[in-house]
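Following: one structure in structure tokens, then a few remarks.
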Amino acid sequence: MPEKTVKKCPECGATNLKVNRDRGEVACRECGLVLEDTMVDFEQEWREFDAEAAEKKRRTGAPMSYTHFDQGLGTEVGTKADYYKLGGGNKNKFFRLRKWQQRISTAIERNLKLALSELKRVSSYLKLPSNVEEEASRMYTRAVQKNLVRGRSMESVVAGCVYAACRRQGVPRTLDEIAEASDVEKKEVGRTYRFVTRELDIKILPSNPADYVPRFASSLNLSAETQTRAVEIIEAAQRAELTSGRGPTGIAAAALYVSSLINGEKRTQREVADVAGVTEVTIRNRYKELLEELGLEDELNR
DNA sequence: AAGACGAAAGTGGTTGA
DNA sequence: TCAACAACTTTCGTCTT
């Protein structure tokens, strides 16, 4: 096993890292960021001489995943068969443990089961990549463990987790889209999103307008060149400090609008506004700033 | 007639006393 | 807890193509 050199989480600075050999990952215990997921151990560090040893040492099974309520690793306190192996004194203990197990199951796990299927529904509706779904599931699991769902609807917490996971994975969806997919009010999604990220101490970088470009562009049937141009415009705008404090969707929309004009694939302000979920007015304001500050007028008059 | 433009008032959320 | 505030929206009248 090669020594790992990573000692600190680049995301939150925590040194509290967890090596998970079964999944080949090094993950941060604080924020769940996976630092290293290509760690592969080709060696077999044990040998099996007989069936019993093999049983103990083999560690393969169904893949572990946070999208299952128990991470795919079910554990049950045994049933009748085990019961007969126990001596008298242990019988009470046995029942006590079973009872506990059932209580825990009914409370946390049932909630998780339900919530994670809701989460699956939402993320497939939004066609989210699996890494986002994974991360959202992980967040939700932590939220349940910290009792954050109490007093909030399960759906809204799921929605908040999905939104946060999207942001963290650089595939942002707008609050509107999440709200529509999860049937939770936009306001509520935003509120639980802020609550959950604060309570779980999850750091979210301000979303980059450029992350929205590919999706908006494809909704508008814009060419790859126009897309690239839009991203360049956004980068220039960021250098000119035109982006801070502004809604990222508005910036992305305006950049796309300008680049569609430059590349002769004109879309109306209304069309762009609709897919970006902003108004024409916002596009106009951003658009005006872009032209003034970046000197793009020359390119338009050609 | 449709699209672009801009002024003005309204909305929801953040911030700082 | 409240008021000030910035960003964004809604609405609407006017100009341009």
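Lettering follows sequence order; numbering is per chain, from 1.
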Problem set entry | Dot-bracket encoding per residue of DNA chain C, Watson-Crick/G-U cut-off under 3.5 Å, | denoting interstrand | |||||.|||||||||||
I need the [atom1]-[atom2] distance between [X] and [N], as an integer number of Å.
X: A:L291; N: B:dA4; atom1: CG; atom2: P; answer: 13 Å
X: A:I251; N: C:dA7; atom1: CD1; atom2: C1'; answer: 11 Å
X: A:Y287; N: C:dA7; atom1: OH; atom2: C1'; answer: 21 Å
X: A:K288; N: B:dC5; atom1: NZ; atom2: P; answer: 10 Å
X: A:L242; N: C:dA7; atom1: CG; atom2: P; answer: 12 Å
X: A:K187; N: B:dT11; atom1: NZ; atom2: P; answer: 13 Å
X: A:E289; N: C:dA6; atom1: CD; atom2: C1'; answer: 13 Å
X: A:I283; N: B:dG3; atom1: CD1; atom2: C1'; answer: 13 Å

Could you report the tightest heavy-atom contact between [X] and [Y], atom names first, then the distance?
X: A:E133; Y: A:S123; answer: OE1-OG, 3.3 Å
X: A:V275; Y: A:S219; answer: CG1-CB, 3.9 Å
X: A:I234; Y: A:A255; answer: CG1-CB, 3.6 Å
X: A:A165; Y: A:V132; answer: CB-O, 3.6 Å
X: A:A217; Y: A:L256; answer: N-CD1, 3.9 Å

Please tell me which of the listed nucleotides, [options], lies nearest to the side chain of [X]?
X: A:V281; options: B:dA7, B:dG13, B:dA4; value: B:dA7
X: A:R284; options: B:dG12, B:dG6, B:dT14; value: B:dG6
X: A:R246; options: C:dC8, C:dT10, B:dG13; value: C:dC8

Problem set entry | Distance-only side-chain donor-acceptor flag, A:E225 / A:N263, under 3.5 Å | no
Problem set entry | Between A:Y125 and A:R121, a side-chain donor and acceptor under 3.5 Å |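 No.
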Exercise. According to a strict under-4.0 Å criterion, is A:Y257 in side-chain N/O contact with OP1 or OP2 of B:dA4?
Worked result: yes
Exercise. Hey, does the side chain of A:K186 come within less than 4.0 Å of B:dG13's phosphate (OP1/OP2), counting only N and O?
Worked result: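 Negative; the distance criterion is not met.
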For this session: Return the residues of residues 268-278 of chain A meeting this criterion: a heavy atom under 4.0 Å from some atom of DNA chain C. Order them by number, or give none.
Result: A:G277, A:V278
Exercise. Hey, does A:R191 reach any base, or is it just sugar-phosphate, or nothing, if we go heavy atoms under 4.0 Å?
Worked result: nothing
Exercise. With a 4.5 Å heavy-atom cut-off, do A:R246 and A:N285 have their side chains touching?
Worked result: no
For this session: Starting from the 5' end of DNA chain B, give me the residue, A:K266 or A:R194, whose nearest nucleotide shows up first.
Result: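 Its nearest nucleotide lies further toward 5', so the answer is A:K266.
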For this session: Look at A:R229 together with A:E265 and state whether they make a salt bridge at an N to O cut-off of under 4.0 Å.
Result: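 No salt bridge links A:R229 with A:E265.
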Seminar exercise, completed: Paired with A:V258, the side chain to side chain contact (heavy atoms under 4.5 Å, CB included) test is passed by just one of A:L290, A:V272, A:T226, namely A:L290
